[in-house]
Amino acid sequence: MLKQRTITALVLAPLGILAVLFLPTPALSLITATVVLVAVWEWTRLSGFAARPARSAAVALATLALVPLWILRDTPFAWWIVGAGVAWWIVATSWLGRFSFGAAPTPGNGALKFAAGIFATLPAWLALAKLHESPSHGPGWALFALMLVWAADIGAYFTGSRWGRRKLCPQISPNKTFAGVYGAFGAGIAVAAIGAWVLDVRGAAFVAVVALALVTIAVSIVGDLFESLIKRQAGVKDSGTLFPGHGGMFDRFDSVFAAVPVFALGKALIDLALGS
């Protein structure tokens, strides 16, 4: 499994980095829209949508929703959508404490889970576009947010594998440990400090960005756990089989979906507060 994960990461990571750094925002957003829609397709199965026509209709609705979000991305309304994404992850945190909530395979619970998937994915797509087209170091800030999550995932994997004893949420995800959480924060803080320095962030702004990175990493862990909860309720191990060793699209981007709206909104508030 480690070999498969490593090979997949070595192939995908450079492509992702090049896309973020060198593609214009419309082209990058088209690629990330594809990521989101594939993830939504997988999520419909986790939500209990068994019939292909129903799943296709749900993805079509998500596709239509992307159009006005793109048109309105430069208006204040866009930040309300990103804020709604952040608020959703606060709700998801409370959901984690109620393992049986929404577990019954009823149409109502299926609709609730589908709505959760929309709140998890579409604001993240918009938030990444907002970051990428920032007037100063836009692509760099978008990559910063993604690398925070990647570093946290890597740190959690290796420290959890080596020292993980005490389970974090065994009922939801038996493999996650507190050691993994510490590794995620350690690796994430290192990347945050280096990335902020490279992006010419100094003084109070530097401290604020590192603090924001800590919050972002914490929320990324919530995103990972929430998808694990929904998969456990659905009785499946992975959301799909798209990436060898990594599972499906939602498996690969669950933490990113949670982290990016938090980071984008937090950075906007830091810029506003410090006048940068």
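Residues satisfying the side-chain contact (heavy atoms from CB on, under 4.5 Å) test with Val236, not counting sequence neighbours, are Arg45, Leu46, Lys231, Ala234. Partners of Arg52 by side-chain contact (heavy atoms from CB on, under 4.5 Å), not counting sequence neighbours, listed by chain and number: Trp41, Ser56. The ring-ring contact (aromatic ring centres under 6.0 Å, His included) test applied to Phe257 returns Phe250, not counting sequence neighbours. Legend: residues meeting side-chain contact (heavy atoms from CB on, under 4.5 Å) with Ala51, ordered by chain and number and at least two apart, are Pro53, Ala54.
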Extract all donor-acceptor atom pairs below 3.5 Å that involve side chains of residues 179-191 and protein atoms in other chains or at least two apart in sequence.
none

Donor-acceptor pairs under 3.5 angstrom involving side-chain atoms of residues 86-100: please list them, not counting sequence neighbours.
unit_1: Thr93; atom_1: OG1; unit_2: Trp89; atom_2: O; d: 2.8
unit_1: Ser94; atom_1: OG; unit_2: Val91; atom_2: O; d: 2.6
unit_1: Trp95; atom_1: NE1; unit_2: Phe101; atom_2: O; d: 3.0

For residues 62-77, tabulate all N or O donor-acceptor pairs below 3.5 Å that involve a side-chain atom, not counting sequence neighbours.
unit_1: Thr63; atom_1: OG1; unit_2: Val59; atom_2: O; d: 2.8
unit_1: Arg73; atom_1: NE; unit_2: Glu133; atom_2: OE1; d: 3.3
unit_1: Arg73; atom_1: NH1; unit_2: Trp70; atom_2: O; d: 3.0
unit_1: Thr75; atom_1: OG1; unit_2: Leu72; atom_2: O; d: 2.7
unit_1: Thr75; atom_1: OG1; unit_2: Phe77; atom_2: N; d: 3.4

Donor-acceptor pairs under 3.5 Å, side chain of residues 217-229 to any protein atom, not counting sequence neighbours: which ones?
unit_1: Ser220; atom_1: OG; unit_2: Ile217; atom_2: O; d: 2.6
unit_1: Asp224; atom_1: OD1; unit_2: Lys176; atom_2: NZ; d: 3.4
unit_1: Ser228; atom_1: OG; unit_2: Asp224; atom_2: O; d: 3.1

Atom pairs and distances, donor-acceptor, side-chain atoms in residues 107-121, under 3.5 Å, two or more places apart:
unit_1: Asn109; atom_1: ND2; unit_2: Ala104; atom_2: O; d: 2.8
unit_1: Asn109; atom_1: ND2; unit_2: Thr106; atom_2: OG1; d: 3.3
unit_1: Lys113; atom_1: NZ; unit_2: Gly102; atom_2: O; d: 3.0
unit_1: Lys113; atom_1: NZ; unit_2: Gln233; atom_2: OE1; d: 2.8
unit_1: Thr121; atom_1: OG1; unit_2: Gly117; atom_2: O; d: 2.8

Check residues 12-35 and write down every donor-acceptor pair under 3.5 Å in which the side-chain atom is one partner and the other belongs to a residue at least two apart or another chain.
unit_1: Thr25; atom_1: OG1; unit_2: His132; atom_2: ND1; d: 2.8
unit_1: Ser29; atom_1: OG; unit_2: Thr25; atom_2: O; d: 2.9
unit_1: Thr32; atom_1: OG1; unit_2: Leu28; atom_2: O; d: 3.1
unit_1: Thr32; atom_1: OG1; unit_2: Ser29; atom_2: O; d: 3.1
unit_1: Thr32; atom_1: OG1; unit_2: Trp125; atom_2: NE1; d: 3.3
unit_1: Thr34; atom_1: OG1; unit_2: Leu30; atom_2: O; d: 3.2

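Of the possible donor and acceptor atoms, one in the side chain of Glu42 sits under 3.5 Å from a partner among the backbone N and O of Met249. Arg232 places a side-chain N or O within 3.5 Å of a backbone atom of Ile172 that can act as its donor or acceptor partner.
Taken to the nearest 0.5 Å, the OG atom of Ser134 stands 10.5 Å off from the CG atom of Leu199. Rounding to the nearest 0.5 Å gives a distance of 12.5 Å between CD1 of Ile81 and CG of Leu265. Between the OG1 atom in Thr177 and the CZ atom in Arg162 there is a gap of 12.5 Å [rounded to 0.5 Å]. Remark: Lys267 NZ to Leu131 CG distance equals 7.0 Å, nearest 0.5 Å. Taken to the nearest 0.5 Å, the CH2 atom of Trp141 stands 14.0 Å off from the CG atom of Leu128.
Residue pairs meeting the ring pair (Phe, Tyr, Trp, His ring centres under 6.0 Å) criterion with at least one member in residues 194-217, sequence neighbours excluded, do not occur. Residue pairs meeting the salt bridge (charged side-chain N to carboxylate O under 4.0 Å, His left out) criterion with at least one partner in residues 198-219, sequence neighbours excluded, are absent.
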Residues Leu212, Thr216; criterion side chain to side chain contact (heavy atoms under 4.5 Å, CB included); working and verdict: CA-CA 6 Å; Leu212 173 61; Thr216 301; 3.9 Å; yes
Intermediate values then yes/no, side chain to side chain contact (heavy atoms under 4.5 Å, CB included), Ser255 and Asp153: CA-CA 8 Å; Ser255 297; Asp153 283 348; 3.9 Å; yes
Candidate pair Leu143 and Trp150, rule side chain to side chain contact (heavy atoms under 4.5 Å, CB included), full reasoning: CA-CA 10 Å; Leu143 184 60; Trp150 296 341; 4.2 Å; yes
Pair Phe263-Phe144, side chain to side chain contact (heavy atoms under 4.5 Å, CB included): steps then yes or no: CA-CA 10 Å; Phe263 185 83; Phe144 184 106; 3.3 Å; yes
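By the criterion of side-chain heavy atoms lying less than 4.5 angstrom apart, applied directly or through intervening Ile, Leu, Val, Met, Phe, Trp or Tyr residues, Phe178 is grouped together with Leu214 in one hydrophobic cluster. A continuous path of ILVMFWY side-chain contacts below 4.5 Å connects Leu269 to Val82, so both sit in one hydrophobic cluster. The cluster map of Ile, Leu, Val, Met, Phe, Trp and Tyr, joined by side-chain heavy atoms under 4.5 Å apart, puts Leu148 and Val198 in different clusters. Residue Leu274 is grouped with residue Val201 when hydrophobic side chains (ILVMFWY) are merged at heavy-atom distances under 4.5 angstrom, including chains of intermediate members. The same ILVMFWY cluster, assembled from side-chain heavy atoms under 4.5 Å apart, contains both Val215 and Val149.
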